[in-house]
There are 2 protein chains.
Amino acid sequence: MRASRYLLATVKETPADAVVISHQLMLRAGMIRKLASGLYSWLPTGLRVLQKVEQIIREEMNNAGAQEVLMPVTQPIDLWDESGRASNFGPELLRFTDRHGNGFCLGPTHEEVITDLARNELHSYKQLPMNFYQIQTKFRDETRPRFGVMRSREFIMKDAYSFHLDHASLEDTYQIMYDAYCRIFDRLGLNYRAVAADTGSIGGSGSHEFHVLAQSGEDAIAFSDSSSYAANVELAEAIAEGERAAPEKPLQLQDTPGAKTIADLVSQFQLPIERTVKTLVVAASEAAGGGLIALLVRGDHELNELKAEKLPQVAAPLRFATNEEIREAIGAGPGSLGPLNLPIPCLADRSVAVMSDFTAGANIDGKHYFGINWERDLPLPDTADLRDVVEGDPSPDGQGRLTIKRGIEVGHIFQLGTKYSEALKATVLDENGKSLPMPMGCYGIGVTRVVAAAIEQNFDERGIIWPEAIAPFQIALIPVNLKKSPRERELCEQLYRQLTEAGFEVLYDDREKERLGVKLSDAELIGIPHRVVVAERGLDDNTVEYRARRESENTLVAPDAIVQFLRDRLK
Amino acid sequence: MRASRYLLATVKETPADAVVISHQLMLRAGMIRKLASGLYSWLPTGLRVLQKVEQIIREEMNNAGAQEVLMPVTQPIDLWDESGRASNFGPELLRFTDRHGNGFCLGPTHEEVITDLARNELHSYKQLPMNFYQIQTKFRDETRPRFGVMRSREFIMKDAYSFHLDHASLEDTYQIMYDAYCRIFDRLGLNYRAVAADTGSIGGSGSHEFHVLAQSGEDAIAFSDSSSYAANVELAEAIAEGERAAPEKPLQLQDTPGAKTIADLVSQFQLPIERTVKTLVVAASEAAGGGLIALLVRGDHELNELKAEKLPQVAAPLRFATNEEIREAIGAGPGSLGPLNLPIPCLADRSVAVMSDFTAGANIDGKHYFGINWERDLPLPDTADLRDVVEGDPSPDGQGRLTIKRGIEVGHIFQLGTKYSEALKATVLDENGKSLPMPMGCYGIGVTRVVAAAIEQNFDERGIIWPEAIAPFQIALIPVNLKKSPRERELCEQLYRQLTEAGFEVLYDDREKERLGVKLSDAELIGIPHRVVVAERGLDDNTVEYRARRESENTLVAPDAIVQFLRDRLK
């Protein structure tokens, strides 16, 4: 591509309304332009990246046996009434009526349409499993679109839906999709983690989110430094470390009049915080039989409410006890609670169970026990995983320790079960002629979002640094001054021809009026991984200057060796 | 692709609500399914074809220097207010408001959005010309969607828009697009014609429609049997043939009491119809100075109202005179009019000017003149092209004769001029620093429609016959009975592997329970251009049976020669 015939559209200034780096760089690099709030046009440079992402996804979905289809953007609202989502979805579902007054919506997702298709086309277990996908425009009427294409209203998704005879088949395909997603993000060249996601009633293995790790991510991800284990911080299992030490200190009741919080206690009595216990009182839900229950976590740990809600003794929804309830049941305020002499049931976090010589409230206002020891001073209560993991915790799979980083969710795979197939009566006959609703899986990738996430993970102060596989161009060919030097022009034209014929995607910056500095900055801003600078001075030495986007030094290469040199570098 | 793992979705019965053959065959071949009126999902077989069409278009647009972009489906209505089309477009423009009450529409076309982009990004003549295209989903709220994807509400278009400094540059790019369109339709393997279209004020050279020739086409196309000349029948220039012969008959006034029409006259007096003249009286428009004017065409020809409206003596809008106006001005009824002794001005079609010894009304009720001759009996009036062409007319480019066939419009290229750039103030500075609105061109291809049109042109009683370039699969590999014959299965698996590795797209019909007849019918219905049947009996003779979709005889080929055989056939 000759820059003189290309809408480069690079911008020096950082656009005022762009907050995140990917949004700034996509505007500055001429990848996108805003049409209206949450609506973006993709310019040639942006679209080149987008199409490479699409192609990698397409190839891996095809390799995984999924069949590509294309469903309409506009969907009849009737189908959403059938599934029950018409009333659940809220104003993010953009609805409208056609000229005849029929109700439609712009599809934010296609479960209804594909299930309608499946109920018409799939009739026998012999046809199953089938997995359909599309790469298609979606619409979600976000109340506050932001971060460019990261959270836009119109966006491109790869959405796939699988249909099965039974749950075992769904799990097989789920695993196939999990593996395909790993191959996709590997090929995209991104640092990502497959994260076990909360699936409510379905259970932990039924859903994974794929996160691209980046400081700007909205989610905190805990992952092992030595294995593939990764989970949302809220869902990662917290493991207690070590054995409980033998008691060394005597049990002492002390006055602690000013210590209403762990922080007060630690600072006033110079205590190591990991020798303190927090006692949090919650009201067990009706499903758990009601009543108050105390949850114990180490002073430096945080109660994880999701985990608490999953305990049969607590159950959802979790509600913290009021001060009045606490005082009535225990006879002390919330700042002075502890496991010793506690008149209500109690559950200890696993890390609390391995503590010794610790400090906790005495269930008397203004008093704490110091030197508490399990089994010596009180029996060890039932234990459970009650807390958020923290950096350095052992990985739950027994391999390595947890690191916590932020992630951008770019993919999600989910075992839907029969929610939609039951609602829409998408059934097949099994081997015995019995009609069964098909268990379904769904598998999404935010295609436009992947582009932004790739930038959030790969940039420096000069611009984007594309992973090789999705760079808009592989090579920038930059003459120093075409106008002045016919020799330079001749060599550039020759190299452009040779590199193009060798199959490379080259941006040849043949703009005559731009200075070298501008051309170099543009190539760096756009993030082209490799550049070749052709200068008059180099011609005398028979060299051109090569530099990779991540390097800071030039390599001098003879012009007639540069094609092979680049072949080797780009292998 | 193994048929057992593929949504073949073929249907034996012709669907009741499908009128045209492409709609019937696309449903029967499992290419599309209706979601709602004018909304279709593309199943795997259909999408494979659609993507091949897209890819050919993309490659040729890129080769022609156009830059691919992607604009949103949803467009702010503000831009349509700016261009003035919000009020002109009518209910085909589907409008809606977002959750904040802002007005939007689903884009039926993208002139406004691209012009908005251009006014922001293009500032100098040095950037021009630029030509942007996209392959994208469009929406048009047709009042009566019909013929499947031929006239659906949601459809895919390739739309391109070029921007220029001056009209000469627009004409250059227009020609480049014309040539690119020819390459696209050539590569698609379609029989098509580029047809000069009516452009109103812009003039004949400013617009061409590309029509795929097919009996079911909505438009009648006149084209030369010896050159590339083609035009919509209404616009094709009608040429008079031959020289006027010398008078042979005397002028005679005859009573023709029952002859109110040419048909009456011809049958009552045994006249050759091409020796009769029709006299049609129209009211010249105000722009042409008003008054009545008579238009003469040969008895077997039809007046072309579009052509008449372009004459300065008539001008638009054309209105036929009432019987009362005719009687008042001429003194006779419309069934007895003619050029001799006519008291109002008159214009003759070119073919009338070369007539001799002809018959026309006498401008006296119930009387006609026979044996009229120009220059002998009355002066030749001014002549003009006033009629529709007919089959066999000389081609206006002087090469060959006109054939008239029906066509399906699949592409349209158009010199827009400055309509949008003026309305949206999309200007650039020229060499002298003067700000000028950019002349624009627009170039569309109905991508989904191309698929239907290709079928309308290529089918037989057994199904679709795809042109090689856009067939969903190149080869159908069909075993006679996999279950019974392990040898057959072994050979099929081997051939499937070899053919796939050789780069062919193969549908391997490995369905165990289907009979051979069903498998053959499906392959023919889907229109796969080449098929290989593997039978137990052939294994003994060391042969497999090859047949092309258009052939009716098998060719026997040795299994180990079939890959090379197919390579040769598919070259």
Side-chain angles (χ1 to χ4, degrees), chain A residues 1 4-7 9 30 33 35-37 39-44 46-48 50-51 65 67-76 78-79 91-92 94-100 102 104 106 113-114 116-117 120-122 126-127 129-130 132 134 136-137 139 141-143 153-154 156 513, chain B residues 1 4-7 9 30 33 35-44 46-48 50-51 65 67-76 78-79 91-92 94-100 102 104 106 113-114 116-117 120-122 126-127 130 132 134 136-137 139 141-143 153-154 156 513:
Chain A
M1 183 64 66
S4 63
R5 303 189 193 161
Y6 184 72
L7 186 67
R33 286 296 183 263
L35 173 63
S37 173
L39 300 179
Y40 290 87
S41 292
W42 288 75
L43 304 192
L47 189 61
R48 292 176 76 97
L50 187 62
Q51 289 181 333
Q67 302 178 53
E68 190 170 0
V69 298
L70 184 63
M71 294 177 270
V73 175
T74 40
Q75 304 182 9
D78 300 356
L79 281 178
E92 280 173 22
L94 198 146
R95 297 153 203 242
F96 58 88
T97 52
D98 71 4
R99 65 193 294 169
H100 299 303
N102 298 312
F104 287 87
L106 288 183
V113 177
I114 195 76
D116 175 60
L117 189 68
N120 292 323
E121 303 300 328
L122 303 177
K126 290 181 193 163
Q127 295 174 280
M130 282 225 178
F132 302 107
Q134 60 177 352
Q136 193 238 21
T137 301
F139 196 95
D141 200 2
E142 297 277 354
T143 182
R153 297 202 284 181
E154 193 173 312
I156 296 176
K513 70 168 238 236
Chain B
M1 181 65 67
S4 63
R5 302 188 192 162
Y6 183 72
L7 186 67
R33 285 297 182 263
L35 173 62
S37 174
L39 300 179
Y40 289 87
S41 292
W42 288 74
L43 304 193
L47 190 61
R48 293 177 75 97
L50 187 62
Q51 289 181 333
Q67 301 178 56
E68 190 170 0
V69 297
L70 184 63
M71 294 177 270
V73 175
T74 41
Q75 304 181 8
D78 300 358
L79 282 179
E92 280 173 22
L94 198 147
R95 298 152 202 243
F96 57 88
T97 52
D98 70 5
R99 64 193 291 168
H100 300 303
N102 298 312
F104 287 87
L106 288 183
V113 177
I114 195 76
D116 175 59
L117 189 68
N120 292 324
E121 304 300 327
L122 303 178
K126 290 179 193 163
Q127 294 174 282
M130 282 225 177
F132 302 108
Q134 61 177 352
Q136 193 237 22
T137 301
F139 196 95
D141 200 2
E142 298 277 353
T143 184
R153 297 202 284 181
E154 194 174 313
I156 295 176
K513 68 168 237 230

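Order of the sequence lines sets the chain letters (A, B, ...), proteins ahead of strands, with each chain counted from 1. Below, all heavy atoms of this structure are taken into account, side chains as well, without hydrogens, waters or symmetry copies. All figures in this text were calculated on a predicted structure; none of them were measured in a lab.
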Grab the two heavy atoms, one from B/E92 and one from A/R99, that are nearest each other, plus how far apart they are. CG-NH1, 3.5 Å
Partner chain A: residue of B/S4, B/G46, B/A9, B/P72 with the largest heavy-atom pair count (under 4.5 Å): B/P72
Can you tell me which portion of B/R153 sits under 4.5 Å from chain A's heavy atoms? Options are side chain, backbone, both or neither. side chain
Measuring only between side-chain heavy atoms, which start at C-beta, is A/V69 closer than 4.5 Å to B/S41? no
When you compare the side chain of A/Q67 with that of B/R5, does any pair of heavy atoms fall below 4.5 Å? no
Is a side-chain donor or acceptor of B/E154 paired with a backbone partner of A/V73 at a separation under 3.5 angstrom? yes
Using side-chain heavy atoms (C-beta onward) and a distance below 4.5 Å, is B/E121 in contact with A/R33? yes
Spatial distance of atom CE (B/M71) from atom CG (A/L47) [nearest 0.5 Å]: 10.5 Å
Begin from the C-alpha positions of B/E68 and A/Q51 and carry the test side-chain contact (heavy atoms from CB on, under 4.5 Å) through to its verdict. CA-CA 11 Å; B/E68 190 170 0; A/Q51 289 181 333; 3.1 Å; yes
Are side-chain heavy atoms of B/T143 and A/H100 found at a separation under 4.5 Å? yes
Would you say the side chain of B/K126 lies within less than 4.5 Å of the side chain of A/K513, judging by non-hydrogen atoms? yes
Applying a strict 4.5 Å limit to non-hydrogen atoms, the region of B/L50 in contact with chain A is side chain
Does any backbone or side-chain atom of A/L70 lie under 4.5 Å from a heavy atom of chain B? Answer side chain, backbone, both or neither. both
Under the side-chain contact (heavy atoms from CB on, under 4.5 Å) rule, collect the residues that match up with A/T97, sequence neighbours excluded. none
Dump the intermediate steps for side-chain contact (heavy atoms from CB on, under 4.5 Å) on A/F104 and B/L39, then the final yes or no. CA-CA 11 Å; A/F104 287 87; B/L39 300 179; 3.6 Å; yes
Quick one: what part of A/Y6 sits under 4.5 Å from any heavy atom of chain B, side chain, backbone, both or neither? both
Can you list the steps and then say if B/L7 with A/L122 is a side-chain contact (heavy atoms from CB on, under 4.5 Å)? CA-CA 9 Å; B/L7 186 67; A/L122 303 177; 4.0 Å; yes
With only heavy atoms counted, which part of A/M130 is less than 4.5 Å from chain B, the side chain, the backbone, both or neither? side chain
Within a strict 4.5 Å, meaning less than it, do heavy atoms of the B/L94 and A/T74 side chains meet? no
With A/N120, which residues qualify under side-chain contact (heavy atoms from CB on, under 4.5 Å), at least two apart? A/D116
Can you find a heavy atom in the side chain of A/L106 that is under 4.5 Å from one in the side chain of B/F96? yes
